[in-house]
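These notes are about the structure you will find just below.
Excluded from the calculations below are hydrogen atoms, water molecules and symmetry mates; all remaining heavy atoms, backbone and side chain alike, are included. Just so it is clear: chains get the letters A, B, ... in the order the sequence lines come, proteins before strands, and each one is counted from 1.
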Amino acid sequence: MLARTALRSTRTFASAKNGAFNFAKRSASTQSSGAAAESPLRLNIAAAAATAVAAGSIAWYYHLYGSASAMTPAEEGLHATKYPWVHQEWFKTFDHQALRRGFQVYREVCASCHSLSRVPYRSLVGTILTVDEAKALAEENEYDTEPNDQGEIEKRPGKLSDYLPDPYKNDEAARFANNGALPPDLSLIVKARHGGCDYIFSLLTGYPDEPPAGATVGAGLNFNPYFPGTGIAMARVLYDGLVDYEDGTPASTSQMAKDVVEFLNWAAEPEMDDRKRMGMKVLVVSSVLFALSVWVKRYKWAWLKSRKIVYDPPKESATRH
Amino acid sequence: MGFWDAVTDLIDAATPWATVEAEAPADIPAESAPAAETTEETTAETKAEEPAAAAEEPEEEAEAEAEEEEEDEDEDEIVDPKETLEEECRNSKECAPAKHHYDECVARVTGGTGAEGEDCVEEFFHLAHCATQCAAPKLWNVLK
């Protein structure tokens with residue numbers, strides 16, 4: 001900025017000297033301010049002074065602010081490792097048995113703090129639960145009815161069209177109950193976090209037994225390498241054997257984390273199975289049409305490709321014209 | 001679902017003797033009952049073990065648990081495969097440089113010879129990255 005203003009000022013001086021109408025010569029005139037007369041000694045002094053100012057400004061900064069510790073790895077957080085998720089392959093669906101286990105983990109562990117407000121009971125039918133199970137689950141909770149004759153709003157048991165209930169009345173209540181930290185809604189969390197499934201799996205299973213030596217952990221926070229800043233308000237929640245799976249799968253920490261992450265991926269992308277099937281249909285139809293078009297082209301061009309142009313020179317006649 | 005599943009589904013749907021179930025088929029009681037019993041047993045027993053382990057010194061606790069695991073092999077004491085695999089990876093040859101740096105940093109910081117305000121977070125990150133990267137495919141083979 002400073003250099004630019006300095007340049008501009010010399011330019012204005014030069015234009016003043018040459019007359020304001022003479023624009024074409026301006027750049028040439030800025031160079032001709034006695035550059036040839038500069039001695040090597042003066043140039044050396046200028047360079048040395050500029051270097052001294054540069055070094056001095058750095059020294060001054062360190063004197064004022066101490067050592068610069070910005071963009072540390074802790075600030076960035078550890079990048080999640082890539083895991084070979086089967087459901088993320090091109091022609092693979094969700095493992096719906098895993099979704100069922102993951103929903104159980106969500107309900108028994110996560111749901112006490114995290115809402116899943118964009119998932120209605122009806123979407124669980126056929127993917128995770130049967131109709132009867134989903135109805136029974138919906139009826140466990142109460143929802144507001146339409147106003148009755150006196151304008152009172154009463155409570156009714158839940159229906160399939162209702163959405164999963166929130167653990168807190170509003171965000172303020174959630175913050176108050178969690179030491180000022182708001183547990184995020186998990187409906188779209190897989191899409192909402194850099195690293196997606198890998199990040200959430202790493203976050204859930206990545207709590208070390210104790211923070212590394214010298215690391216500072218804020219009051220009420222826990223050390224998690226994958227969380228940017230490494231201080232996360234959520235403590236480790238998944239421990240071995242926390243959940244009893246109905247299909248007898250051993251409920252180790254990583255198994256529960258894997259299942260619940262796959263469930264959260266389903267919550268964020270419930271259309272994934274259909275989307276992949278539609279993609280396959282598109283590939284099938286377009287490949288058939290492409291093959292057809294190649295044959296049609298061959299047919300339409302046949303007369304042109306198979307024609308033969310022959311030059312038949314006239315016979316040499318005896319008489320010359 | 002592969003391509004041939006789709007074909008067999010189509011054939012199944014076209015055959016007149018096919019049955020279509022809108023609801024999940026009824027549970028087979030023979031399978032579910034023993035599973036429920038075993039899980040109840042394990043929870044009851046782990047609950048009984050917890051106070052005994054908690055009463056002991058924390059240093060001895062790990063040893064006591066290890067002994068219990070050896071004793072109760074048939075009870076399916078759950079061990080997280082991620083922990084064991086990553087421990088193996090941490091001590092493997094490919095993570096040796098990261099582990100060496102981390103151990104050196106811990107010794108330096110706890111010994112008080114490091115720079116002021118130094119922490120081992122970066123070294124920890126490198127070690128954790130190496131260990132998880134190495135354990136990831138093995139872990140997915142073990143998990144369901």
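Interface summary for chain B: among A:A74, A:G77, A:P208, A:S252, the most heavy-atom pairs under 4.5 angstrom belong to A:S252. Most heavy-atom pairs under 4.5 Å with chain B: of the set A:Q255, A:Q97, A:E133, this distinction falls to A:Q255.
Within the 4.5 Å cutoff, side-chain heavy atoms of B:L143 are placed close to those of A:S254. Two residues are said to be in side-chain contact when any heavy atoms from C-beta on lie closer than 4.5 Å; A:Y226 and B:T132 meet this criterion. Side-chain atoms of B:H129 and A:L78, non-hydrogen and from C-beta on, do get closer than 4.5 Å to each other. The side-chain heavy atoms of B:F124 and A:P211, taken from C-beta on, include no pair separated by under 4.5 Å.
Within the 4.5 angstrom heavy-atom criterion, no atom of A:K276 approaches chain B. B:Q133 touches chain A through backbone and side chain together, each having a heavy atom under 4.5 Å away. Only the side chain of B:V109 has a heavy atom closer than 4.5 Å to any heavy atom of chain A. With a threshold of 4.5 angstrom between heavy atoms, A:Y239 does not approach chain B through any atom at all. Heavy atoms closer than 4.5 Å to chain B are found in the side chain of A:T230, but not in its backbone. For B:F125, the parts lying under 4.5 angstrom from a heavy atom of chain A are both the backbone and the side chain.
Taking OG1 from A:T253 and CD1 from B:I78, the interatomic distance works out to 9.0 Å, rounded to the nearest 0.5 Å. One finds the CG atom of A:D240 at 7.5 Å from the CD atom of B:E83 (value rounded to the nearest 0.5 Å).
In terms of heavy atoms, B:A136 sits closest to A:T81 at CB-CG2, 4.3 Å. For the residue pair A:A215 and B:D119, the shortest heavy atom distance occurs at N-CB, 3.7 Å.
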Mind running side chain to side chain contact (heavy atoms under 4.5 Å, CB included) on A:Y83 and B:L139 for me, showing each step along the way? CA-CA 9 Å; A:Y83 286 96; B:L139 181 63; 4.2 Å; yes

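No more than 12 heavy atoms of other residues, nucleotides or ligands sit less than 6.0 Å from atom NZ of A:K135. In this structure, A:N179 places its CG atom where only 12 or fewer heavy-atom neighbours from other residues, nucleotides or ligands lie under 6.0 Å away. Counted within 6.0 Å of CD on A:E210, heavy atoms from surrounding residues, nucleotides or ligands total 12 or fewer; the atom is thus considered open.
A salt bridge links A:D247 with B:K144; the closest basic N to acidic carboxylate O contact falls under 4.0 Å.
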